[in-house]
K.L.:
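Dropping the structure in here first, questions after.
FYI, side chains are in, hydrogens and waters are out, and symmetry mates aren't considered; it's all heavy atoms of this structure.
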Amino acid sequence: MPLFGHCTSSKAYIITYTPRWFGALPPYTLEGCIVSLMKRYSVLAAFATLAAHVSATLHETTSSLPAAKFDYIIVGGGTAGCALANRLSEDRSIKVLLLEAGGNYHGVEQLSIPFNSIRAAGPGSAYNWNTSTTDGGTYSRGYVLGGSSSINGMFYARGSQDDWNRYAAVTNDDGWRWDNIQPYLRKNEQFVSPADGHDTVGEYDPAVHSTTGKVGVSLANYPQATDQLFTGAVQEEPSKFPFQLDYNAGTPLGFGWVQSSIKGGERSSSAAAYLAPRYLNRPNLFVLLHAQVSRVLSSTSVSTNIDTVEFSQGAIGNSTVATFKASREIILSSGVVGTPHILLNSGIGPTSELSAASIPVIHENPSVGKNFSDHLNLLNAFALDVSEPFVPAESRTFERYTLDPAQMADVTNEWRTKKTGPLTSNGLSNQIGFSRIDTNDPAVQQQLDAFGDPTPGPHSAHYGFTPINGFAFGRAPTNNSYLSMVATVLQTKSRGSVSLNPSNPRGQPLVNPNLRSDPYDVWAMKIAFKETFAFLSTAPWVEYLTDSQAALGLAPIIDSGLDDALVEEYINTHTSSGIHAVGTAAMTASNASWGVVNGDLKVKGVNGLRVADASVLPYVTSTNPMVAVYVVAERAADLVKSSYN
């Protein structure tokens with residue numbers, strides 16, 4: 001007999017537990033029982049951690065699902081999908097099925113550690129879709145419960161009020177206005193103290209935050225070498241680089257402290273927040289993992305009445321195909337790549353593309369898969385003259401840990417036992433800046449007028465930059481300590497696409513980011529690049545960068561005094577996707593000549609089908625888009641509920 005009693009389990013992760021010393025009591029869920037035991041007998045904390053990672057309704061095969069009819073089927077257990085599953089299953093009379101192509105998030109330490117951030121699930125990771133792009137790159141997406149919220153950099157940014165007011169204008173739906181999305185922001189956010197417990201006065205505005213939502217949000221959880229340099233530069237040049245108390249107040253312009261989706265020293269992903277064990281224990285919520293949806297269809301004679309999902313499970317070449325039917329609605333939450341791919345395979349899209357892939361047209365819509373809109377990044381890196389072991393901890397770069405296994409083992413042990421230390425950091429930056437192009441120069445204003453200003457309003461940034469306390473986005477070219485400064489064009493004009501591979505339409509889609517295809521993006525990046533160096537020319541940074549070596553081919557550009565032609569060449573060869581794409585199933589007004597869904601997120605031209613994920617945003621936000629996706633999910637849940645009272 002086991003030490004603590006006996007357990008029974010199944011492949012559905014259903015575990016009941018009867019403590020032998022309590023006598024004849026009914027079975028308890030493992031989570032609840034361990035909590036009780038912890039209170040009474042102080043059972044080992046490690047056992048309680050195991051309980052927290054066990055779910056009552058995570059299924060790996062269709063055979064473990066009960067013979068239930070589902071009211072709603074959500075396709076994609078990512079950032080939006082987990083939130084939707086939580087909200088729709090609040091009504092216990094409703095049965096909700098969530099289908100996720102990847103595996104479980106709960107209990108995966110490498111994803112829970114905030115410092116790992118984009119490191120743990122970069123290209124090649126088992127938790128990444130590893131989607132190839134037509135330009136030879138890779139577009140990262142989360143292939144795990146929680147989706148990209150489980151592998152991203154965790155920057156928690158709402159966008160500008162202009163972003164949301166533009167969404168309302170383009171959809172002719174005031175429900176998307178900044179003032180009207182505030183309840184959804186409050187439902188999503190749970191602002192908490194940072195892991196290091198430092199005084200956060202003056203680092204944010206408490207008046208604009210919620211402490212009662214689902215996703216944990218915190219300020220810097222561990223000090224970084226860049227903190228005093230960044231704030232020193234802002235203090236030295238306040239007119240050029242103004243301090244921003246809180247970029248989440250709707251007017252993000254300025255330079256301030258990053259807020260991250262981190263709670264108690266751990267990543268607060270959509271899976272951790274919205275599908276925590278207490279929610280997974282709901283008897284009306286079912287989550288099926290390893291279920292890759294290929295298409296949606298109708299079980300009736302009317303092909304546009306969508307009520308069925310078709311999906312496969314198992315390894316390629318040895319998979320089984322199954323279907324489930326929803327009595328009310330199917331909601332696609334498969335993201336900027338997955339959602340248009342499913343729509344196209346379902347016969348919803350451009351006739352020419354569908355015909356080329358021999359897919360019957362259910363509804364002609366040339367907008368499906370188009371309007372792929374992303375941020376544009378440029379990494380600028382400097383190898384520092386720093387001897388890491390001999391500097392104070394708060395002055396060390398990330399290389400102190402990433403290049404030293406012994407140091408990494410020490411800080412990992414601290415994280416495991418205390419949830420404190422360097423690994424509670426988001427692994428990128430504690431600060432960020434948002435700026436508009438300075439149009440005091442008539443020539444600059446004339447050029448901007450010629451291009452057409454892509455920003456949604458005066459409170460929105462054209463570009464931003466982020467200091468990173470180490471080498472960003474991959475392994476450093478040398479075993480040095482690094483400073484990275486990432487410049488980002490936040491409102492691009494280039495548009496890419498997601499389309500079918502005609503020879504294998506159900507295989508990986510053709511993802512064409514089409515970066516830098518509009519000359520505005522290169523022009524704006526040149527301004528952002530030069531402003532980055534203006535920021536680094538302030539006294540704090542100059543002293544820090546003394547004797548540093550510019551990396552990645554920057555040295556000749558710096559020596560030239562930032563020659564315009566050399567800068568442009570550098571941009572054309574070194575810029576990359578911000579991995580923040582949106583727009584491939586854009587929401588527009590019901591009478592618009594373009595778009596895939598209406599303001600209520602219903603797919604145009606069919607019945608029973610909605611989309612709720614990043615793909616519906618017609619323009620990328622002026623900040624990181626994760627929070628916008630949460631808002632889409634929260635409002636989608638209300639829209640669905642209101643349709644059925």
Side-chain angles (χ1 to χ4, degrees), residues 118 121-125 128-143 148 151-153 334-341 344 349-350 352-353 356-357 367-381 451 454 463 472-475 477 484 486-526 528-529 551-554 566-586 614-615 617 619-620 624-625:
I118 58 176
S125 166
N128 193 320
W129 278 90
N130 297 304
T131 303
S132 299
T133 56
T134 57
D135 59 5
T138 301
Y139 192 84
S140 291
R141 299 182 292 138
Y143 184 65
S148 293
I151 70 167
N152 65 8
S334 297
V336 71
V337 174
T339 285
H341 192 214
L344 291 167
S352 58
E353 186 176 341
S367 294
V368 174
K370 306 304 185 286
N371 193 49
F372 184 99
S373 312
D374 201 356
H375 292 157
L376 185 67
N377 278 350
L378 179 62
L379 169 62
N380 307 291
F451 283 122
Y463 61 90
F473 313 142
R475 185 173 178 82
S484 298
V486 179
T488 304
V489 176
L490 296 165
Q491 289 293 330
T492 56
K493 298 192 74 173
S494 299
R495 294 293 182 266
S497 63
V498 175
S499 56
L500 296 175
N501 180 345
S503 62
N504 184 17
R506 296 199 180 184
Q508 276 208 4
L510 303 178
V511 179
N512 177 15
N514 209 23
L515 301 177
R516 304 180 306 278
S517 57
D518 191 292
Y520 165 83
D521 298 348
V522 175
W523 177 78
M525 182 59 85
K526 283 196 290 187
F529 177 87
L552 306 177
L554 270 176
L566 291 178
V567 170
E568 184 165 336
E569 180 183 357
Y570 184 75
I571 289 169
N572 283 323
T573 55
H574 286 81
T575 45
S576 61
S577 164
I579 316 296
H580 292 158
V582 304
T584 51
S615 70
L617 299 173
Y619 305 95
V620 69
N624 303 56

K.L.:
Between the side chain of N501 and the main-chain N/O of P509, is any donor-acceptor distance below 3.5 Å?
P.N.:
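Looks like no, no N/O pair under 3.5 Å.
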K.L.:
Just checking, any donor-acceptor pair under 3.5 angstrom between side chains of D521 and T492?
P.N.:
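Not at all, the side chains of D521 and T492 share no donor-acceptor pair under 3.5 Å.
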K.L.:
So do the side chains of V368 and L344 get within less than 4.5 Å of each other, counting heavy atoms only?
P.N.:
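SC-SC contact between V368 and L344 confirmed.
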K.L.:
What are the two closest non-hydrogen atoms of A614 and V582, and how far apart are they?
P.N.:
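So the minimum-distance heavy-atom pair works out to O-CB, 3.2 Å.
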K.L.:
What orientation do Y520 and F451 show, parallel under 30°, tilted 30 to 60°, or perpendicular over 60°?
P.N.:
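Plane angle over 60°, so perpendicular.
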K.L.:
Minimum heavy-atom separation for G137 to D135, with atom names?
P.N.:
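Here G137 and D135 meet closest at N-OD1, 3.2 Å.
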K.L.:
Partners of E568 by salt bridge (Lys or Arg N to Asp or Glu O under 4.0 Å), sequence neighbours excluded?
P.N.:
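With sequence neighbours excluded, E568 shows a salt bridge (Lys or Arg N to Asp or Glu O under 4.0 Å) to K526, given in chain and number order.
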K.L.:
In terms of side-chain heavy atoms, does T138 have a donor or acceptor partner in N130 at a distance below 3.5 Å?
P.N.:
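There is no such pair between these side chains.
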K.L.:
I need the single residue from V522, T575, L376 that forms a side-chain contact (heavy atoms from CB on, under 4.5 Å) with V489. Which is it?
P.N.:
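Only one option passes, and that is L376.
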K.L.:
Verify, without hydrogens or angle tests, whether H341 (side chain) and G369 (backbone) share a donor-acceptor contact under 3.5 angstrom.
P.N.:
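No: the side chain of H341 does not pair with the backbone of G369.
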K.L.:
Run the side-chain contact (heavy atoms from CB on, under 4.5 Å) test on Q508 and T131 for me, step by step, so that the C-alpha distance in whole Å, both residues' side-chain angles and the decisive distance to 0.1 Å come before the verdict.
P.N.:
CA-CA 7 Å; Q508 276 208 4; T131 303; 4.2 Å; yes
K.L.:
List in chain and number order the residues that pass side-chain hydrogen bond (donor to acceptor under 3.5 Å, both in side chains) with S373, two or more places apart in sequence or in another chain; answer none if no residue qualifies.
P.N.:
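By the side-chain hydrogen bond (donor to acceptor under 3.5 Å, both in side chains) rule, S373 matches R495.
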K.L.:
Could you work out, with side-chain hydrogen bond (donor to acceptor under 3.5 Å, both in side chains) as the rule, every residue matching N377, not counting sequence neighbours?
P.N.:
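T488.
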K.L.:
Could you tell me whether a side-chain N or O of N514 sits under 3.5 Å from a main-chain N or O of G496, the two making a donor and an acceptor?
P.N.:
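Here the side-chain-to-backbone pair does not exist.
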K.L.:
Any chance you could measure R516, atom CZ, to S576, atom OG, to the nearest 0.5 Å?
P.N.:
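One finds 9.0 Å between CZ of R516 and OG of S576.
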K.L.:
Looking only at heavy atoms, which two atoms of L515 and S494 are closest? And how far apart?
P.N.:
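Closest approach of L515 to S494, heavy atoms only: C-OG, 4.3 Å.
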K.L.:
Which heavy atom in S615 sits nearest to a heavy atom in G335, and how many Å separate them?
P.N.:
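Shortest heavy-atom separation between S615 and G335 comes out as CB-O, 3.9 Å.
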K.L.:
Run the numbers on N512 and F372 for side-chain contact (heavy atoms from CB on, under 4.5 Å), then give the verdict.
P.N.:
CA-CA 8 Å; N512 177 15; F372 184 99; over 6 Å; no
K.L.:
Decide side-chain contact (heavy atoms from CB on, under 4.5 Å) for L554 and N380; before the verdict, give the C-alpha distance in whole Å, the side-chain angles of both, and the deciding distance to 0.1 Å.
P.N.:
CA-CA 7 Å; L554 270 176; N380 307 291; 3.8 Å; yes
K.L.:
Within this structure, what is the OG-NZ distance for the pair S517 and K493, rounded to the nearest 0.5 Å?
P.N.:
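Here the interatomic distance stands at 11.0 Å.
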K.L.:
Could you report the tightest heavy-atom contact between S577 and Y139, atom names first, then the distance?
P.N.:
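S577 and Y139 have their closest heavy atoms at OG-CE1, 3.6 Å.
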K.L.:
Output yes when a side-chain donor or acceptor of S484 lies under 3.5 Å from a complementary backbone atom of A472, and no otherwise.
P.N.:
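Flag set: sc S484 to bb A472 pair under 3.5 Å.
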K.L.:
To check you understand the geometry: which heavy-atom pair defines the closest contact between Y570 and L378, and what is its length?
P.N.:
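Nearest pair, atom of Y570 first, then L378: CE2-CD1, 3.7 Å.
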K.L.:
Treating N371 as the side-chain partner and G583 as the backbone partner, does any N or O pair qualify as donor plus acceptor under 3.5 Å?
P.N.:
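The answer is yes, because a donor-acceptor pair under 3.5 Å joins these two groups.
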K.L.:
Please confirm whether the backbone N or O of G142 pairs with a side-chain atom of S148, one donor and one acceptor, at under 3.5 Å?
P.N.:
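Present.
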